[in-house]
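I have placed the structure first, in the form of structure tokens, so that the comments after it can refer back to it.
Note that these values count all heavy atoms, side chains included, but never hydrogens, waters or copies made by symmetry. Everything numeric here is computed off the predicted structure, so don't read it as measured data.
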Amino acid sequence: MNRVKNILQDKLLKNFLNIFSGDALASLFSIISVSFITKGIGVEKYGYIVLIQGVVALIDGVFNFQSWQGFIKFFPEIKGDRERLKELIKFSYFLDIVTAFIAFLVLNLGSRFIGKIYNFNREQLFLMIIFSLYILFNIQGTPIGVLRSFNRFDLLRNQRIITSIYNFIMLGIGFFFKLNLNYFIFIFLTTNILNGVLINIYTMLVLKNSNLLGFFKAKFRFDKEFFKFTCLTNINSSLDIPVQYFDNLLIGKMLSLEQLGIYKICKTIAIVLDKIGTPIYQTLYPYFCEMIRENKKREIVKKFLVVSSILSVICFCIIGSLNIFGFYLLERFFSELVGDYKFQINLYLLMRSLGTIFIAIHPLFLALGYIKVETKIIFIANIIYMIALFKLINYFNLTGVIVAYGVQVSLILIMKSWYIFRR
């Protein structure tokens, strides 16, 4: 009984359950919401929404810094010094706000060029520019860092649940009243804005309770080490953009909007894996930072093996369930076209499972301080990915895109594992 009580009181497990419960519910609403769109306006128009989301997210990902990794990295060192902590919060927020405005300006200045690439008409170009407004509200780096550092994963859970319920209800209204494409884009825009506003409100409440709300009055100090670390993590995330967004953009250009819609459905199904892996990453990163600071190597290895073993069983069950009864449900839920892509969906889930099972290696690598090495690894893997993607998409269409993704995932895992265990 005491053992069970100790497990339930474990901070790492509680943080994981907080994020997972929010993500699980959010993913359920997300899957149903996608069915509202595909049934309401069709797979091809849904493909257009995916395309403009990809374009905006691409620019946002490159220019809009997300400083949460740096905040979590430096928080254990200065949490006892309130003035330094206030200065860090102020500088971190400064980076988030300035880079959000830069991203918004870059997208709008380059909108005509983007429109020419994808042959957008005036209405489509206008919708993309309207959708880009969410970038100005995507100031989430510092809030995420603050909430995770103060172990307020429950508030991150609440943020996800509230925004997913709003998105679900509003998209459902669009489906039942047979509203047009413009309405659905507007709902995605307001959902993203709500997401950004909520997390900042929660952050201000936490800072107020910790007597840190006066951070904006603190001395502005340019933190060179924090800035350098944040720049490197942003470069790494930018290097990962080909995998995050470029596949959508290339499919939309070289294949068809229908296949792009199907590919997005593949990713929607794989949300189940994301909603398991992402909370683990988010809870392990602060944990690994603390364990490394205390030099508890044995605890790190033990936790890594336990997490990977549990994830292996979960991934096997998910893929098995999909093939036993999942495809029958998906064809009726999304579109009968799903049945024509069973092989591609299975292959994609297999590749995503590989990344999920060994996800613990990524927060461990970052916590060990191998940020510059990670930059090189991601750069090499993504160069190979881009070469493979352009070659394979011509010969194998959607299957080629998925195989190229699998190559990239495998290369990063192999190179990071080799570097850690060599050390």
Side-chain angles (χ1 to χ4, degrees), residues 37 41 44-68 91-144 163 166-167 170-171 174 179-200 227 230-231 233-254 257 260-261 264 382 386:
I37 305 171
I41 58 175
E44 186 172 342
K45 287 184 179 178
Y46 175 54
Y48 167 69
I49 294 176
V50 174
L51 184 59
I52 66 166
Q53 283 180 321
V55 170
V56 175
L58 172 65
I59 303 298
D60 186 48
V62 172
F63 295 99
N64 189 359
F65 284 19
Q66 296 297 320
S67 54
W68 64 269
F91 182 64
S92 184
Y93 253 122
F94 172 78
L95 282 181
D96 290 345
I97 293 168
V98 170
T99 54
F101 274 97
I102 291 172
F104 179 74
L105 287 173
V106 169
L107 179 61
N108 281 270
L109 290 173
S111 59
R112 289 185 179 275
F113 175 72
I114 295 168
K116 288 180 180 179
I117 293 175
Y118 290 100
N119 298 317
F120 287 162
N121 58 38
R122 292 184 66 181
E123 182 185 6
Q124 290 174 325
L125 190 61
F126 175 74
L127 289 173
M128 184 188 73
I129 293 170
I130 292 297
F131 185 75
S132 72
L133 287 170
Y134 99 84
I135 294 176
L136 298 175
F137 296 86
N138 191 26
I139 301 168
Q140 298 194 51
T142 304
I144 290 172
T163 53
Y166 168 80
N167 191 58
M170 300 308 289
L171 291 179
L179 299 176
N180 61 18
L181 175 68
N182 297 7
Y183 172 83
F184 287 98
I185 291 176
F186 175 75
I187 296 307
F188 276 110
L189 168 63
T190 54
T191 300
N192 284 320
I193 291 174
L194 176 63
N195 197 46
V197 170
L198 265 180
I199 196 170
N200 277 281
F227 180 73
T230 303
C231 285
T233 53
N234 194 68
I235 289 169
N236 288 351
S237 62
S238 297
L239 288 174
D240 210 29
I241 278 173
V243 179
Q244 294 176 348
Y245 307 115
F246 194 72
D247 51 1
N248 286 343
L249 304 180
L250 197 62
I251 293 170
K253 180 68 177 176
M254 296 185 66
L257 289 178
L260 178 56
K264 183 61 177 179
N382 282 351
M386 294 294 289

| query | What pair of heavy atoms forms the shortest contact from Phe104 to Ile135, and how long is it? | reply |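 Taking every non-hydrogen atom into account, N-CG2, 3.9 Å.
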| query | Can you check whether Met170's main-chain N or O pairs, donor with acceptor, with Tyr183's side chain at less than 3.5 Å? | reply | yes
Inter-residue atom distance [X].[atom1] - [Y].[atom2], 0.5 Å rounding:
X: Lys45; Y: Leu181; atom1: NZ; atom2: CG; result: 6.5 Å
X: Ile129; Y: Ile52; atom1: CD1; atom2: CD1; result: 11.0 Å
X: Met128; Y: Leu107; atom1: CE; atom2: CG; result: 5.0 Å
X: Leu136; Y: Ile97; atom1: CG; atom2: CD1; result: 11.0 Å
X: Leu109; Y: Phe113; atom1: CG; atom2: CZ; result: 13.5 Å
X: Arg112; Y: Ile117; atom1: CZ; atom2: CD1; result: 14.5 Å

| Between Tyr48 and Phe184, ring centroids under 6.0 Å |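 No.
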| Could you walk me through whether Trp68 and Thr142 pass the side-chain contact (heavy atoms from CB on, under 4.5 Å) check? | CA-CA 5 Å; Trp68 64 269; Thr142 304; over 6 Å; no
| Taking it one step at a time, do Cys231 and Phe65 satisfy side-chain contact (heavy atoms from CB on, under 4.5 Å)? | CA-CA 8 Å; Cys231 285; Phe65 284 19; 3.7 Å; yes
| request: Assess whether side-chain contact (heavy atoms from CB on, under 4.5 Å) is satisfied between Glu123 and Asn182, documenting all intermediate values. | output: CA-CA 10 Å; Glu123 182 185 6; Asn182 297 7; 3.4 Å; yes
Name the atoms and distances for all side-chain donor-acceptor pairs under 3.5 Å in residues 54-63, with sequence neighbours left out.
from	atom 1	to	atom 2	distance (Å)
Asp60	OD1	Asn64	ND2	2.9
Asp60	OD2	Asn138	ND2	2.6

| said: Would Thr230 and Ser67 count as a side-chain hydrogen bond (donor to acceptor under 3.5 Å, both in side chains) here? Give the steps. | reply: CA-CA 6 Å; Thr230 303; Ser67 54; 5.7 Å; no
| Evaluation steps, side-chain contact (heavy atoms from CB on, under 4.5 Å), between Asn121 and Leu125 | CA-CA 6 Å; Asn121 58 38; Leu125 190 61; over 6 Å; no
Side-chain donor-acceptor pairs of residues 185-197 under 3.5 Å, sequence neighbours excluded:
from	atom 1	to	atom 2	distance (Å)
Thr190	OG1	Tyr166	OH	2.8
Thr190	OG1	Phe186	O	3.1
Thr190	OG1	Ile187	O	3.0
Thr191	OG1	Asn167	OD1	3.0
Thr191	OG1	Ile187	O	2.7
Asn192	ND2	Phe188	O	3.1
Asn195	OD1	Gln159	NE2	2.8

